[in-house]
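Each remark here refers to the structure printed beneath this line.
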Amino acid sequence: MRFNLGFFLREAAKNMRLNALMSITAVTTTAVCVLILGVGLLFSAHVESLIRQVGKDVAITAFFPENAPREQVDEARAKVEGYPEVAEVTYISEAEALNRFKETFSEQPNIYEGMDPGVLPASLEIRLAEPGASDTVAERLRSDGFEGLNYPQQAINRLDQVTGYVVWGLRAATVLFLVASVLLISNAIRISIFARRKEIEVMKLVGASDSFVRTPFVLEGLVQGLVGATLAALLVVWGNAIFVEWVQNQIPFIPISSAAVNTLFVLVLLIAVGVLIGVLGSFLSVRRFLRV
Amino acid sequence: MRFNLGFFLREAAKNMRLNALMSITAVTTTAVCVLILGVGLLFSAHVESLIRQVGKDVAITAFFPENAPREQVDEARAKVEGYPEVAEVTYISEAEALNRFKETFSEQPNIYEGMDPGVLPASLEIRLAEPGASDTVAERLRSDGFEGLNYPQQAINRLDQVTGYVVWGLRAATVLFLVASVLLISNAIRISIFARRKEIEVMKLVGASDSFVRTPFVLEGLVQGLVGATLAALLVVWGNAIFVEWVQNQIPFIPISSAAVNTLFVLVLLIAVGVLIGVLGSFLSVRRFLRV
Amino acid sequence: MINFDNVSKVYGNDSIALDHVDLTIDPGEFVFLVGASGSGKSTMVRLILKELEPSSGTITVNGVRLSSIPHRAVPRHRRAIGCVFQDFKLLPNKTAAENVAYAMEVTGQKRRAIRVKVPQILDLVGLGEQADKYPGQLSGGEQQRVSIARAFVGQPPILIADEPTGNLDPDTSVGIMQLLHRINRIGTTVLVATHDREMVDVMRKRVVALKDGRVVRDMVRGGYANEV
Amino acid sequence: MINFDNVSKVYGNDSIALDHVDLTIDPGEFVFLVGASGSGKSTMVRLILKELEPSSGTITVNGVRLSSIPHRAVPRHRRAIGCVFQDFKLLPNKTAAENVAYAMEVTGQKRRAIRVKVPQILDLVGLGEQADKYPGQLSGGEQQRVSIARAFVGQPPILIADEPTGNLDPDTSVGIMQLLHRINRIGTTVLVATHDREMVDVMRKRVVALKDGRVVRDMVRGGYANEV
Ligand SMILES: Nc1ncnc2c1ncn2[C@@H]1O[C@H](COP(=O)(O)OP(=O)(O)OP(=O)(O)O)[C@@H](O)[C@H]1O
Ligand SMILES: Nc1ncnc2c1ncn2[C@@H]1O[C@H](COP(=O)(O)OP(=O)(O)OP(=O)(O)O)[C@@H](O)[C@H]1O
Ligand SMILES: [Mg+2]
Ligand SMILES: [Mg+2]
């Protein structure tokens with residue numbers, strides 16, 4: 001017997017129309033779950049990206065000896081820029097260092113009044129690609145002859161540690177949301193198919209094969225999952241765009257970025273999740289009642 | 001006709017036993033939703049508490065004129081401590097100020113080598129109850145004769161703004177979770193009662209009154225909600241205790257505290273939500289089929 | 001007791017199930033309702049139970065116009081009518097005994113009374129042994145007898161039976177008809193919709209015949225197929 | 001065609017529905033299965049359909065032992081048997097015509113063939129007008145006739161009817177029985193479980209009588225109630 005897609009699609013469509021209450025329930029359940037999942041996903045993505053951003057603000061300052069010659073500075077700079085862990089290197093001359101110092105203590109001029117330009121040494125301000133690499137970089141700097149290093153060892157370590165935990169926690173939460181979604185959606189599907197177990201029995205008794213009975217149910221699950229998940233996914237992506245713009249306007253100093261989220265990926269992922277649960281949930285729920 | 005609680009309880013118990021699949025589904029759906037809601041609630045509570053904690057670290061430094069007499073210092077201090085917006089006041093003497101300065105620049109001794117003890121002025125370090133009050137406090141300090149003030153105006157404003165948004169966002173998210181839970185649980189209840197609509201019809205046809213039909217269903221909803229929500233609520237509270245302890249051991253510098261969460265309140269709230277949705281959901285779902 | 005005054009029932013837009021029916025059944029009467037499949041017998045039963053509203057006309061039961069009964073009072077109306085449904089309408093999650101007991105419970109009767117009465121009634125319809133089986137575990141005829149027992153048990157003033165012997169063998173059918181006869185003798189008004197020609201011919205009761213939704217014959221001591 | 005060899009069926013632990021039944025029905029035979037309510041007729045039907053497994057004994061249909069049919073091949077077995085179920089077993093979400101069509105669709109027949117055949121069959125059982133109604137909108141007898149039409153439509157080599165006229169008036173019943181007779185004449189093996197004494201007595205076919213799960217009579221040209 002050939003697979004008659006047209007017939008199965010008509011069957012599925014008819015069932016959804018006649019069991020409208022059930023279909024709507026299945027669709028809203030899927031939509032709500034996918035929505036939560038999507039919001040969780042985006043929240044994770046933004047927080048991870050923010051944390052990375054903060055990590056990039058961490059800098060190591062490496063001081064040059066007093067009156068280091070120009071060539072030494074250039075050479076050292078080139079070397080440091082070559083470190084794989086380093087994102088950006090800025091040279092701070094002695095004059096600049098004094099200016100910065102003055103700015104910091106602008107309200108207490110008596111502190112810097114007597115200072116010579118040469119008191120504060122020139123330095124390299126080194127921003128790292130990963131805050132976790134600070135120890136490695138410090139090691140490299142020392143072995144390359146820098147003696148005066150200034151870096152917020154503890155702050156970096158803490159940031160690094162917290163970053164790790166937060167990222168880990170966010171991923172765990174996302175997985176939990178996923179599991180919850182699977183449970184909730186498949187629960188809804190299971191009850192709605194349970195409500196139709198007698199029909200399944202009758203179909204089997206008049207000679208329908210398992211797959212003949214199953215296919216319209218699975219198609220229903222597919223369509224419901226697709227509709228619910230697509231609605232939710234579009235809502236999530238649209239909401240994300242609005243949110244990012246709002247933050248950029250209202251809290252501009254928060255370095256949020258629409259680049260933190262791969263919109264297409266999220267869209268596809270969420271829809272795939274909805275469809276997959278719809279299809280698998282229907283498949284497995286129907287199977288339970290096919291043993292007639 | 002008197003209300004026969006015993007009869008209704010027996011009916012509800014029997015139905016749950018016979019529709020075990022449905023009951024289990026209803027209970028797990030409730031549990032999963034309440035779990036998510038509970039985790040959201042606790043997350044909000046901890047984040048709010050952390051943000052408050054960070055807010056408390058914000059300080060305004062008010063400098064005394066050089067060689068201010070002891071009495072002036074004490075008087076000023078008492079005055080500042082009396083401000084309602086102030087949480088804590090610490091006096092930093094000239095000697096202490098120099099020590100701190102030396103610590104900060106410990107790797108560049110040439111900076112402070114020539115400094116006199118009197119170069120850095122004595123000050124009051126003022127911690128605020130609410131970071132938002134910094135402007136008010138600064139105003140008060142100025143009108144009380146302090147001229148040299150050092151406070152991270154911008155950082156405080158930003159922190160204040162972000163705190164507001166985050167708290168607002170967390171509450172909105174909690175409300176959304178609540179709405180989602182209501183939707184998902186009542187969806188599950190609706191389908192499971194839809195599956196039994198024929199039974200409801202028959203009951204009505206043999207002369208049962210609306211309330212006679214409804215009561216066992218509502219009791220079922222109550223018990224399922226109670227069981228699901230209680231399981232989830234206990235899990236949430238237990239998980240919270242474990243989490244707080246873990247953070248305190250592993251990331252001691254994060255000022256997390258079990259006091260951020262009123263365990264009993266969360267427990268009662270979550271169970272109440274589960275029970276309420278179970279009861280109301282059943283009530284409303286049954287009503288739809290009572291029009292026979 | 002039961003009065004149809006110019007009652008019509010149209011399902012949807014064009015499916016005429018009852019067509020200007022006038023019928024009066026007095027208290028204590030025993031009436032057979034006969035007619036081909038689809039002639040409107042079950043529709044009459046459903047109208048009397050106020051499961052449906054007529055499209056036009058007035059139905060009066062026990063002196064009360066059904067259209068004037070508010071939703072709240074419908075259960076009381078139904079409790080005055082014992083009904084054997086053509087499709088049994090048993091509760092699948094209750095045993096035979098529990099199904100019968102339910103009809104007493106809805107009227108708020110004492111547990112003790114229920115515990116005494118239910119087994120008696122089940123014995124009467126020959127189901128003493130099957131009391132604790134669920135409908136899904138009973139044969140067609142057994143389910144039908146549970147439905148009959150449930151209709152009897154409350155001793156309602158009106159008893160309606162829609163095809164009560166369709167799934168019963170002739171011997172059991174005779175037993176059920178005798179039971180209906182006895183119940184009628186103690187004053188209950190009995191209306192039986194049936195296709196059982198033998199039974200109708202033997203019992204010589206009032207026979208109302210429907211055809212395409214119209215009353216085409218109403219004889220006091222009729223048979224199933226007397227001339228019109 | 002159908003063979004029961006020492007078949008017993010016990011439901012649960014103690015509900016003996018069939019008790020060492022031996023029965024052979026040859027191809028092309030027409031057999032009435034009679035017996036009191038609860039005597040095991042429907043159980044035999046369900047065993048033949050492999051809806052149930054016997055507790056002991058062997059059932060052979062069309063030369064194949066049912067116990068040897070794997071789950072995968074059960075649908076094909078059932079398609080060789082048209083069955084009128086005592087409780088109709090119509091699909092509530094399909095109209096009368098769709099219910100009948102479904103039995104052809106499961107066998108993978110062409111849409112064109114279905115569109116021609118279904119209305120013919122529905123006319124045959126007198127439901128031409130009701131083709132587009134859902135089971136919930138049909139009278140009891142009309143539902144029964146849809147079930148009969150569905151059993152016929154695939155022209156299966158075996159036709160089983162469990163109480164096919166329980167909800168039908170005598171005239172319609174005669175029509176259905178004539179239909180069964182005609183179908184039998186073109187070679188179909190027909191097994192009819194029934195309580196319709198008149199029909200059995202008139203048709204004078206082979207009668208197998210069950211009592212408490214045992215075959216107590218098997219006569220070639222019997223009546224409903226011949227002596228044992
Ligand atoms: N809900 C409905 N919608 C449309 N038509 C209906 C509906 N219910 C019944 N009918 C039609 O009304 C007519 C009368 O139905 P009814 O059930 O009263 O017949 P009946 O006399 O009880 O028949 P039977 O002896 O077969 O049970 C039938 O033709 C049926 O198709
Ligand atoms: N699932 C079951 N569990 C327990 N007992 C059952 C089950 N199904 C049927 N029975 C019992 O088996 C016996 C035979 O049932 P069956 O349905 O075969 O009778 P039948 O001859 O078809 O009766 P009827 O004419 O009333 O339809 C009955 O007494 C019934 O109670
Ligand atoms: Mg009827
Ligand atoms: Mg049977």
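Numbered from 1 within each chain, the chains take letters A, B, ... in sequence-line order. From a predicted model like this one, the values you see are computed outputs, not experimental measurements. Heavy atoms only: backbone and side chains are in, while hydrogens, waters and symmetry mates are out.
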Positions in [range] that reach chain A, provided some heavy atom is under 4.5 Å away:
range: residues 39-47 of chain B; result: Phe43(B)
range: residues 174-187 of chain B; result: Phe177(B), Ala180(B), Leu183(B), Leu184(B), Asn187(B)
range: residues 243-257 of chain B; result: Trp246(B), Gln250(B), Ile251(B), Phe253(B), Ile254(B)

Review point. If you count heavy-atom pairs under 4.5 Å with chain B, which of Thr29(A), Thr28(A), Ile24(A) comes out on top?
Key: Thr29(A)
Quick one: [atom1] on [X] to [atom2] on [Y], what's the gap to the nearest 0.5 Å?
X: Lys198(A); Y: Lys198(B); atom1: NZ; atom2: NZ; result: 14.0 Å
X: Leu21(A); Y: Arg197(B); atom1: CG; atom2: CZ; result: 9.0 Å
X: Thr25(A); Y: Ile189(B); atom1: OG1; atom2: CD1; result: 12.0 Å

Check your understanding: Which answer fits Ile36(A), side chain, backbone, both or neither, if we ask what part of it has an atom under 4.5 Å from a heavy atom of chain B?
Key -> side chain
Check your understanding: Considering residues at least two apart in sequence or located in another chain, which fulfil the side chain to side chain donor-acceptor pair (under 3.5 Å) criterion with Arg171(A)?
Key -> Glu48(A)
